[in-house]
Amino acid sequence: MNSVEKNSNETAVVVQDLERRFGSFIAVNRVSFEVKKGEIFGFLGPNGAGKSTTIRMLIGVLAPTDGVGTVAGFDIRTQAEEIKKHIGYMSQKFSLYDDLTVSENIDFYSGIYRIDPARKKARKEWVIEMAGLEHHRHSRTAILSGGWKQRLALGCAILHEPPVIFLDEPTSGVDPVSRRQFWDLIYELSGKGVTVFVTTHYMDEAEYCDRLGLIYRGELIAAGTPETLKTELMQEDVLEVICERPQDAMGEIEQIEGIKEVALFGKGLHVVVEETERAVAAISDLLQRRGYAVTRVEGIVPSLEDVFVSLIEARDRAEQPQQEVKR
Amino acid sequence: MFERIKHMLIKEFIQIFRDPKMKGVIFLMPVIQVLVFGYAVTTDVKHVATAVYDQDNSPASRELVSRFAGTEYFDVAEYIYHEGRVTELLDHGKVRAIIRIREGYGDDLRAGKTPQLQVIVDGTDSNTAGTVLDYTTDITREYSKQVLSRRYARLQGQPVDPPRVVLDTRPWFNANLESRNFYVPGVIAIIVMLITLMLTSMAVVREKEIGTMEQIMVTPITPAEFILGKTVPFALIGIADVILVTVVGVFWFEVPIRGNLALLFLATGFYLMTTLGVGLLISTVSDTQQQAMMSTFFFYFPAVLLSGFMFPIANMPESVQWLTYLNPLRYFLVVVRGIFLKGIGPLILWPQMAALLVMGLITLWFASKRFKKTSV
Amino acid sequence: MKLYRTWAVARKEYLHIIRDPRSLGMGIVIPVILLLLFGYALSLDVDNVPTVVWDQSESQVSRDFLSGFQGSPYFSIVKFVHGYGEVDRAINSAEALAALIIPRDFAQLIEAGRAAPVQLIVDGSDSDTADTAIGYAETVAQSFSQQVAVREVQRKTGRTLDLPLDYRPRTWYNEDMESKNYIVPGLIAVIMMVIAALLTSLTIAREWERGTMEQLISTPVKGPELILGKLFPYFTIGMFDVLLAVLMGEFLFDVPLRGSVPLLFGMAAVFLVGALSLGILISVVTKSQLLASQLAMVLTFLPSFLLSGFMYAISNMPQPIQIITYVIPATYFVSLLKGIYLKGVGLEVMAIQAGLLGAFGVVMVILANDKFKKKLE
């Protein structure tokens, strides 16, 4: 408790042993982490891992079963209403009113958040410009495309310029260009000192974050900067192999001893191995003997996806060793 | 085809009964309605709270009062002694009738004159008031008949009965004239209409509103299969409710069933075709569940009020009477009451049955035609 | 509680209503249809009961007797028949609701100064109409009997016989005993419940179903602000419906309005707040539109239609049902409405009803607020 309060000067979000059960199902299991002010914190995990449940507890709409935490300096258990004044929240569903126009949706939320009348117009124009909806301010929200709705929803959620914003899979179902633009916006906000807490399952988006937390089956299994995760948390090494007929080569490489996993990756293969040097030699040797023209075999920094998959598999192995089936 | 319909049905039933409260609504609401109609909707007037303002206070006036108080229709709640109390009691609604006998009543009566008897009735509820007036008329006439025969006997010098007409009343089909016997069979018709209309119209619109409709429409399901999947569950629920209400009516309220049960179910089937057809039609013209609900009521209110369920059709203006011919409920009520109370069969009921079948076919055909246009 | 947030919600709700003109239109048209139907088309007054007659006597006396029925507005003799089979057919096919069978020796019995039996068969399946028809027939028969008796005395003794009683029935408040005067005031209560059931019971459930509620509860808006904001636009529609009903009652149906008009509207406002809050409470508790719509029927509309004394007098109901009617707020409102309309009385007489109505409003508002949780389950 004390550590939670002490840190609230530099941190935007602190949680300790946060837990939520639905009946006998544990959706979030004793999760602890911190998010510093101004940071973009990415919350990663497969569907159903507990991302949304965690976010809902942080924004004060779902009571935790156990554990403590603060958001923007307010206790998530007792000061939910204070929290709501200091955060913005946008969910994957873009929950705007379909039958209201762009302008009316903004007006509604600026009424709810009580935007100072003097700033109201400016904020509204900012949202409309930010979302690129200058020509659609009087259109019903129902007819807008996904990217527009998403930016409008973000705009409505941050009309009151909250210091912390929570985005729950904000880019699901949005085209790559819109996603790019959306992240530019997030950077802009973060540049102004806004703390952004974002959940996603896009690996490329994870790379944009300052720090990441990885949640799996309700438990936080890793946390750190993308760099730390990639270099420190991966127990195995990753090799990149570029050669002819990678699909056939895959089968050959899998036979070598000490090879954990082979996967197609772009034009080549990613091979997870226990030890780089020995494996490079073994693979080059084998492929040359079998007549594959090899362009490259070398150790690389693993991608987040590699780390992610390897951490999850390690977790699964630890929990259910008897069920593991080796390929 | 049957495989797909089967899965549609399973899905619908899962959705309807997912929420345990919904089960309560579907199976409890009809029972509550029968109980309410069976007990509350009674136009049998008895034990009317009555005040007596007897200014004469003679043996003769007391005898007259006892004629009222002795029946089960009037309960003397208060004897009053001044004029102001009359207004007070009626304004507060404490009594609904006041019997006022003026001073000199007994003397006039003995002298063979015509004394006055005043009865004041609270007319705010005009039906009850009408019935109360009927009772008072009956009682005073009976009383005057006796006085008359006494006078007559005195003139003749010997006791005789004056000539008179005696009504020998025989209510058919419902010997004790219980309003319950009249309403309970009708409740079947209105409950089934409400439940099937509302469930059908909202269930389709719900899919539109949530967006699952689009998903279903891109599967190989044909509109006919979809419509069947959307109507059969509600038809089954409708029939289950008919059985439920019938059981409550027969075993709890002891409403007689004199006719053929098979005919009742056949007619219910025809009738359900019309309600499901209208329900589907509503769903094709509604985009939100709110609209569907409103449209349901837009149809339901006039259908119930203009069916003869509570208000006799014969009392309606002629133009409105013509309108009732378009109302499936009108026909079904005749059939249900005919089967329950009169025990009559297809020989008499065939025009109503035919009307229901034709209307059912037309609404279903029209609904599915519109449905294809709007959804594909 | 902040007024500006309440206002923001109210304005949004108002836009939803405007955007769905059909629902709004029906919120106004349905009450109008109800008023028109009850005002013009529907009546519980029984008249022109179709009757068949089998006059086996075919005498002057029997024709005199029947003229009592022919002259009555309550009976309409549709056919003279000759045989029991025809009577049977006429009643079974509902061609006639009543049949009079006059015996062969009717005239002889009357002339001999004896009792003459006349059989009256009624279709009892519609017990109300049957009951009323029997009452009318009794009256006709008794007045005929009296005339015959008086004539008989005159013929035999040469002296006139005074009628023993001058019976003077009077009806207060609704002198002509028109059922529209009795139904239209009560209908206002029913209409308000319809508005509550149809319009408000879905508003919160809809936001849960569509997911907009999750967004809304993540904002600082408070439960009472949200609920009051949602109440306000529907309150306006409801009051508009009341105004419409009062105007139609006054100018179209000539229902006498004897009491205070401000009191009428004041009480309507109090009742409306309670009714709408009940609608919202249903919406809050169910979170599903399908369920909310069904529950609204059972909890708002049916009781106000059947158990409030709107059409069926509470004092005629069995004791346990009468107790239930005490917890139905529409009961108090209906009796207030009838008091104001027909009796012209005010709060001095109906303070208890008004107080209970106020209590209902307060309890509903508190319950709706209390049950609304800004939390997910």
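Predicted model, so just to flag it, every value in this text is computed and none were measured.
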Tell me, for B:Arg206 versus chain C, whether the close heavy atoms (under 4.5 Å) come from the side chain, the backbone, both or neither.
side chain
Examine whether an atom of B:Ile32 lies under 4.5 Å from a heavy atom of chain C, and if so say whether it belongs to the side chain, the backbone or both; otherwise answer neither.
side chain
So what's closer than 4.5 Å to chain B heavy atoms on C:Glu209: side chain, backbone, both or neither?
side chain
Side chain / backbone / both / neither for C:Ile33 at chain B, heavy atoms under 4.5 Å:
side chain
Ion pair check, B:Asp122 and C:Lys343, cut-off under 4.0 Å
yes
Could you go through the side chain to side chain donor-acceptor pair (under 3.5 Å) check for B:Gln290 and C:Arg206 one step at a time?
CA-CA 9 Å; B:Gln290 168 123 48; C:Arg206 185 173 43 209; 2.9 Å; yes
Mind checking whether C:Phe38 and B:Phe311 have ring centres under 6.0 Å apart?
yes
Please classify the contact of B:Ile26 with chain C as side chain, backbone, both or neither, using a heavy-atom distance under 4.5 Å.
neither
Most heavy-atom pairs under 4.5 Å with chain B, out of C:Ile30, C:Val29, C:Val345, belong to C:Ile30
Kindly indicate, with the supporting measurements, whether the criterion side chain to side chain contact (heavy atoms under 4.5 Å, CB included) is fulfilled by C:Asp20 and B:Asp287.
CA-CA 10 Å; C:Asp20 185 1; B:Asp287 297 321; over 6 Å; no
Only pairs of heavy atoms separated by less than 4.5 Å count here; which of C:Leu202, C:Ile101, C:Ile324, C:Val194 has the most with chain B?
C:Leu202
Which residue out of C:Leu291, C:Leu307, C:Thr132 racks up the most heavy-atom pairs below 4.5 Å with chain B?
C:Leu291
